[in-house]
Amino acid sequence: MQRIFSGIQPSGIPTLGNYLGAIRNWVALQADHDCIYCVVDLHAITVWQEPKLLVQQTRELAASIIACGIDPARSILFHQSAVPEHAELAWIFNCVARLGWLNRMTQFKDKAGKDRENASAGLYVYPNLMAADILAYHATRVPVGDDQRQHLELANDIAQKFNHDYGVEFFPVIEALILGPAARVMSLRDGTKKMSKSDPSDQSRINLNDSADTIAQKIRRARTDPEPLPTEPAGLAGRAEARNLVGIYAALADTDEEDVLRLHGGKGFSSFKEELAALLVESLGPIAQKTRDLLSEPDHIDQVLHEGAARAASICRPIVSKTKQIVGFLPT
Ligand code: TYM
């Protein structure tokens, strides 16, 4: 069985983008893969996180992941800081990755913005930690949204350079699994921007804990253009907002753009939006309810994460230990 690794930051409430681009695929992959899923709190602190909020968000995210359908008895679910091997391997990778490679990372440029000099060093070396997360388990398949593609290419460059420099065939090649019609869910206010937990406007996203009324209201207000929906996917060219809503619908209905447009093409947005909102409420309502139920027993969530961390550590410890031996560290 191939090993899967993926992660998500506890930097806010998970969004529809996280769900359709990643978590929903994580759930499906459990059937025939050995899966390890991680709440990446070390990544979260590359930008400021209020400590009390970070603890709460880590627990809430774990609950939400379980509510989406991750079964912690089958898959491993844990928080990154509980397994120090991630940070240890990331340090070694800091010494393998080249500055030129990191300078090309578009996500760093986006997140650091104009005030680059004031960004944390952690934000800069963020992709090296991501490579360590995956390679510490010799995972070969990584289900992510489209925005992580460049980071996974960098992880492969790191693995290859490590193997080459030390003359070993130790780290495997990683395959990015970027799946489905909603691998890049866009903001509801601006079809050129990614839907994100950290967007200052709450109207730009659907949060996994939004109520039915809030979902309906956000979809009703979602930006669109005045034209009716096209009858085939080619007609979505240059219509980012329309494409986004059609992609979301297709993902939720387990179909593709073509099928959605066969049904809704030629209609205006108002009836389409109503159906989309109903579909969202039907999919997300039970997840929000289950998350709330799980959070009424926070000790149970902590226990799940704790057990997950022990299982994760038992897999990555020998791999990181072997890495240290390859690098030439004296055994402890
Ligand atoms: P994060 O927390 O930003 O997002 C978690 C997952 O959700 C996907 N995603 C989206 N997919 C579609 N449309 C969107 N608008 C959208 N927004 C987010 C992301 O692509 C991701 O799959 N660096 C990663 C976390 C990470 C990781 C890893 C992932 C850390 N270590 C190792 C894979 C393997 C991140 O910040 O994800």
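The figures here come from the full heavy-atom set of this structure, side chains too, leaving out hydrogens, waters and symmetry mates. One-based numbering, in listed order, for ligands and for the atoms of each. Everything numeric in this text was worked out from a predicted model, so none of it was measured.
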- Gln49 versus Ser11, closest heavy-atom pair with distance: NE2-CB, 3.7 Å

- Query: Got a salt bridge between Glu227 and Arg239, using NZ or NE/NH1/NH2 to carboxylate O under 4.0 Å?
  - Reply: no

- Heavy-atom side-chain contact between Leu135 and Phe162 under 4.5 Å: no

- Item | Given Tyr166, Phe93, Tyr137, the one that forms ring-ring contact (aromatic ring centres under 6.0 Å, His included) with Phe171 | Phe93

- Charged N-O contact under 4.0 Å between Lys218 and Asp202: yes

- Message: I'd like to know whether the aromatic ring centres of His306 and Phe78 sit less than 6.0 Å apart in this structure.
- Response: no

Which atom pairs, nitrogen or oxygen on both sides, join ligand 1 and the protein at under 3.5 angstrom?
residue, atom, partner, partner atom, Å
ligand 1, 2 (O), Gln9, N, 2.8
ligand 1, 2 (O), Lys197, NZ, 2.9
ligand 1, 4 (O), Asn18, ND2, 3.2
ligand 1, 7 (O), Asn18, ND2, 3.1
ligand 1, 11 (N), Gly17, O, 3.1
ligand 1, 13 (N), Val185, N, 2.8
ligand 1, 15 (N), Val185, O, 2.7
ligand 1, 15 (N), Met195, O, 2.9
ligand 1, 20 (O), Gly145, N, 2.8
ligand 1, 20 (O), Asp147, OD1, 2.4
ligand 1, 22 (O), Gly145, N, 3.1
ligand 1, 23 (N), Tyr126, OH, 2.6
ligand 1, 23 (N), Gln148, OE1, 3.3
ligand 1, 31 (N), Asp133, OD2, 2.6
ligand 1, 36 (O), Gln9, NE2, 2.8
ligand 1, 36 (O), Tyr126, OH, 2.5

